[in-house]
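Shown next, in structure tokens, is the structure this report addresses.
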Number of protein chains: 2
Amino acid sequence: MGLTKTDLFTENQNEVAMLAKAIAHPARVAIIEYLLKVNACICNDIVNELPLAQPTISQHLKELKNAGIIKGNIEGNAICYCINEPVFSKIKGLFGPMQPIQNTCC
Amino acid sequence: MGLTKTDLFTENQNEVAMLAKAIAHPARVAIIEYLLKVNACICNDIVNELPLAQPTISQHLKELKNAGIIKGNIEGNAICYCINEPVFSKIKGLFGPMQPIQNTCC
DNA sequence: ACTACATATCGTAATATTGCAATATAAAAA
DNA sequence: TTTTTATATTGCAATATTACGATATGTAGT
């Protein structure tokens with residue numbers, strides 16, 4: 001199939017999965033790390049920074065933007081990308097409410 | 001292609017992506033939530049809890065186990081699954097070291 | 001030994017993801 | 001206006017994921 005049955009799960013479960021999926025690729029992790037490092041929002045710099053072709057980077061940026069993790073602003077003929085704080089904070093606290101209890105078996 | 005070029009990224013980036021990928025499905029999020037709720041480690045219960053067929057659940061459990069997020073112990077004729085604390089804690093702190101700075105542009 | 005129960009594996013179909021060359025778009029610079 | 005620069009989109013091939021029926025494996029109880 002390859003088709004996730006999202007209608008069978010809660011809205012929260014789907015959201016957690018969606019955000020996790022956006023981070024589930026090393027290139028996208030690298031993009032996030034880079035954006036956090038340089039803070040100011042560059043874009044072609046990301047293409048120069050990562051060992052992937054420009055269309056591939058563009059595609060990853062699109063997925064991160066769709067997930068709401070990054071934002072993009074037009075700046076002249078370039079586009080300035082940066083972390084979208086509220087969503088990024090949500091990711092950091094993804095499993096915050098899930099308190100791990102002491103296991104009694106394993 | 002469909003093949004991630006893991007050799008182009010750092011070990012840490014690949015690990016973050018790998019852990020995120022394990023969570024990047026609502027069924028697996030549901031399994032983790034359930035295991036955290038019941039603490040004690042059941043397994044057929046998960047099949048009864050989620051609206052997916054037994055082989056599908058088994059497959060998801062396998063992926064969670066491969067990622068190190070859960071553990072499985074044989075207990076009679078059943079298998080007892082539970083959260084693997086150290087790895088789960090790591091997930092909670094995945095983006096901890098990444099400090100979001102104030103954006104100056106977007 | 002036979003049966004019931006619990007879980008894993010195999011095989012397969014449908015769909016999704018990854019990566020890039022080629023090309024399109026769009027704004028700045030010459 | 002032409003050229004350069006920056007980014008997005010399209011199309012496609014290779015591979016991965018998801019889901020499940022059928023079946024295998026393994027243990028407990030009878």
Rounded to whole Å, the CZ-C1' distance (Arg28(A) to dT17(C)) equals 9 Å
Output for pair (Leu35(A) CG, Ile31(A) CD1), nearest 0.5 Å, gives 7.5 Å
Atom CG of Asn73(B) and atom C1' of dA6(C) are separated, to the nearest Å, by 16 Å
Interatomic distance, CZ@Arg28(A) vs CD1@Ile69(A), rounded to 0.5 Å, equals 8.5 Å
Rounded to whole Å, CG of Leu50(B) lies from C1' of dA19(D) at a distance of 14 Å
Nearest heavy-atom contact between Leu36(B) and Phe88(B) is CD1-CZ, 3.6 Å
note: Met18(B), atom CE; dT17(D), atom P; distance rounded to Å ~ 13 Å
Taking every heavy atom of Tyr34(A) against every heavy atom of Ile42(A), the minimum-distance pair comes out as OH-CD1, 4.4 Å
task: Hey, can you tell me if His25(A) and His60(A) have their rings parallel, tilted or perpendicular (30° and 60° cut-offs)?
output: tilted
5'-most contact on DNA chain D (nearest-nucleotide basis), Gln54(A) vs Thr6(A), goes to Gln54(A)
With the side chain defined as heavy atoms from C-beta on, Asn77(B) is closest, among dT27(D), dC20(C), dA16(C), to dT27(D)
Out of dT9(D), dT7(D), dG21(D), minimum distance to the side chain of Cys43(A) belongs to dT7(D)
Looking only at dT17(C), dA21(C), dT7(D), the nucleotide nearest the Lys21(A) side chain is dT17(C)
Open item on the list: Counting only side-chain nitrogens and oxygens, does Thr56(B) get under 4.0 Å of the OP1 or OP2 atom of dT18(D)?
Closed with: no
Separation of dT7(C) atom P from Lys71(B) atom NZ, nearest Å, is 18 Å
Checking dG19(C), dA8(C), dA6(D) against the side chain of Tyr81(B) (C-beta onward), the nearest is dA8(C)
Ala78(A) has its side chain closest, among dT17(C), dA6(D), dG19(C), to dA6(D)
Winner on side-chain proximity to Glu63(B), out of dA16(C), dA6(C), dT18(D), is dT18(D)
Separation of dT18(C) atom C1' from Leu61(A) atom CG, nearest Å, is 15 Å
Exercise. Less than 4.5 Å apart, any side-chain heavy atom of Phe9(A) and any of Leu52(B)?
Worked result: yes
Among dC20(C), dA8(C), dC20(D), the one nearest any side-chain atom of Gln59(B) is dC20(D)
Lys5(A) NZ to dT17(D) C1', in whole Å, measures 14 Å
Here the distance between atom C1' of dT9(C) and atom NE2 of His60(B), to the nearest Å, is 16 Å
Q. If you look at every strand shown and take non-hydrogen atoms under 4.0 Å, does Leu52(B) touch a base, only sugar-phosphate, or nothing?
A. sugar-phosphate
Heavy-atom nearest nucleotide on DNA chain D taken for Thr4(A) and for Lys62(A); more 5' hit belongs to Lys62(A)
Residue pair Val47(B)/Ala24(A) against DNA chain C: nearer the 5' end by closest nucleotide is Val47(B)
Of His25(A) and Gly76(A), the one whose closest nucleotide on DNA chain C sits nearer the 5' end is His25(A)
Against the side chain of Ala53(A), the closest entry in dA21(C), dT15(D), dT7(C) is dA21(C)
